[in-house]
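For reference, the structure discussed in these notes is given below.
Each chain gets a letter, A, B and so on, in the order its sequence line appears, and its residues count up from 1. The analysis underlying the following values was restricted to heavy atoms, covering all of them including side chains, and did not include hydrogens, waters or symmetry mates.
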There are 2 protein chains.
Amino acid sequence: MFSKSTEYALRALIYLAQNSSEDHKIGIVELSVAIDSPKSFTAKILQKLTHGNKLISSVTGPSGGFYLTDQAKKKSLLKVLTLLDTEHMISGCILGLSECSEINPCPMHADYAKIKVQLLGMLGQKSLEALAREMNDPKVVINNNNR
Amino acid sequence: MFSKSTEYALRALIYLAQNSSEDHKIGIVELSVAIDSPKSFTAKILQKLTHGNKLISSVTGPSGGFYLTDQAKKKSLLKVLTLLDTEHMISGCILGLSECSEINPCPMHADYAKIKVQLLGMLGQKSLEALAREMNDPKVVINNNNR
DNA sequence: ATAATAAAAGATATATTTGTCTTTTATTGT
DNA sequence: ACAATAAAAGACAAATATATCTTTTATTAT
């Protein structure tokens with residue numbers, strides 16, 4: 001469904017939403033171990049979310065690291081996808097047509113439109129902190145270390 | 001959502017479902033123009049669906065080309081995805097966990113499971129010929145040539 | 001049989017994604 | 001100020017996806 005980049009980003013954000021705050025920052029080593037992702041690659045992805053849009057906050061140096069503000073934790077997954085410029089994965093035409101619309105729909109348009117509404121609805125309503133809360137349940141995981 | 005390969009495959013199959021039969025085969029040139037896809041690349045993709053599984057039938061030489069049997073036209077999109085080995089795009093974990101299940105779910109598992117049911121339901125119930133029928137409506141398109 | 005046709009197969013090229021490693025810069029605690 | 005720390009930045013490498021081009025093989029119509 002999503003690219004590896006997007007998957008790592010979402011997992012990282014959920015972990016940060018659960019475990020970080022301004023006075024408890026998370027380093028890239030802890031983070032990439034926690035979400036089972038390649039360290040340097042994950043660092044690059046996080047950078048995309050720290051710069052202009054500043055969804056993620058970061059501080060260099062000792063006791064530095066990444067964290068989310070309370071405001072950031074309230075952002076929805078859909079907002080994250082928008083910042084990652086990957087929302088079209090879902091909102092685009094399922095057959096890949098660039099000009100698929102009500103006026104000139106693809107053969108799947110009507111059926112997919114219904115599902116799209118639900119997908120976008122779920123992603124738009126689901127905040128990072130809500131997902132972090134899910135992780136209070138000990139069986140809920142965000143890495144592959146339960147194998 | 002899907003890769004370019006999968007998109008081209010689905011568009012090609014829908015076109016073949018609408019326009020081909022054993023005594024009216026479609027050449028790769030006509031096909032790739034009709035669905036607005038790169039010719040040789042599309043040919044490669046079609047080959048994957050002609051060999052073992054033989055969803056697509058093909059004949060070389062004059063008056064040859066690709067076509068679908070009536071039986072093939074009844075196959076669902078889900079079946080096509082399975083043959084393309086790309087069903088995991090939908091049935092896999094939305095956060096990319098390899099071991100995401102009821103026992104150890106990711107934080108999105110429960111919400112995505114509901115949507116997954118609907119997506120798989122739609123794809124499983126939608127046949128190539130049903131989609132071909134959609135194309136009888138002149139406003140329905142399967143290429144980008146309406147720009 | 002032969003020539004024409006069209007898919008199959010193979011080689012190669014390009015672009016994008018994913019991943020690693022090194023150097024630089026910013027910040028902090030001493 | 002200084003040393004240690006951690007992210008930022010940049011260069012590079014590998015893998016995969018996408019795309020093109022050429023040669024071969026199978027089939028058909030003459």
| task | Please determine if a side-chain N or O atom of A/Gln47 lies less than 4.0 Å away from the OP1 or OP2 oxygen of D/dA9. | result |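 It does, given that an N or O in the side chain of A/Gln47 lies less than 4.0 Å from OP1 or OP2 of D/dA9.
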| message | With a 4.0 Å cutoff (strictly under), does any side-chain N or O of A/Ser58 reach OP1 or OP2 of D/dA6? | response |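 No, A/Ser58 has no side-chain N/O under 4.0 Å of OP1/OP2 on D/dA6.
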Separation of [N] [atom2] from [X] [atom1] (nearest whole Å):
X	N	atom1	atom2	answer
B/Leu16	C/dA7	CG	C1'	13 Å
A/Leu31	D/dA6	CG	P	14 Å
B/Tyr67	C/dA7	OH	P	13 Å
B/Lys48	D/dA19	NZ	P	12 Å
A/Leu46	D/dA6	CG	C1'	13 Å
B/Met89	D/dT16	CE	C1'	12 Å
B/Ile35	D/dA19	CD1	P	12 Å
B/Asp85	D/dA17	CG	P	11 Å

Distances for protein N or O near nucleotides 14-16 of chain C N or O, under 3.5 Å:
none

| said: Ignoring hydrogens and geometry beyond distance, is a side-chain donor-acceptor pair present between B/Glu102 and B/His109 at under 3.5 Å? | reply: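 On atom types as modelled, these side chains qualify, holding a pair under 3.5 Å.
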Side-chain ([X]) to main-chain ([Y]) donor-acceptor, under 3.5 angstrom:
X	Y	result
A/Ser20	A/Ala17	no
B/Arg11	B/Asn143	no
B/Ser32	B/Ile28	yes
A/Ser37	A/Thr42	no
A/Lys116	A/Ser91	yes
A/Ser58	A/Phe66	no

| task | Scan nucleotides 18-30 of chain C nucleotide by nucleotide, 5' to 3', and note B when protein non-hydrogen atoms come under 4.0 Å of the base, S if they reach only the sugar-phosphate, - if neither. | result | BBBB----BBBS-
| said: Within this structure, what is the CG-CG distance for the pair A/Leu120 and A/Leu77, rounded to the nearest 0.5 Å? | reply: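 A/Leu120 atom CG to A/Leu77 atom CG measures 11.5 Å (nearest 0.5 Å).
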| request: State plainly whether one hydrophobic cluster holds both B/Leu13 and A/Leu97, where clusters connect Ile, Leu, Val, Met, Phe, Trp and Tyr through side-chain heavy atoms under 4.5 angstrom apart. | output: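 No: no chain of side-chain contacts under 4.5 Å links B/Leu13 to A/Leu97.
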| said: Under 4.0 Å, heavy atoms only, any strand: does B/Ile26 hit a base, just the sugar-phosphate, or nothing? | reply: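 Touches sugar-phosphate only.
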| Under 4.0 angstrom, heavy atoms only, what part of the nucleic acid is B/Ile28 near: base, sugar-phosphate, or nothing? |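 The residue B/Ile28 makes sugar-phosphate contact but no base contact.
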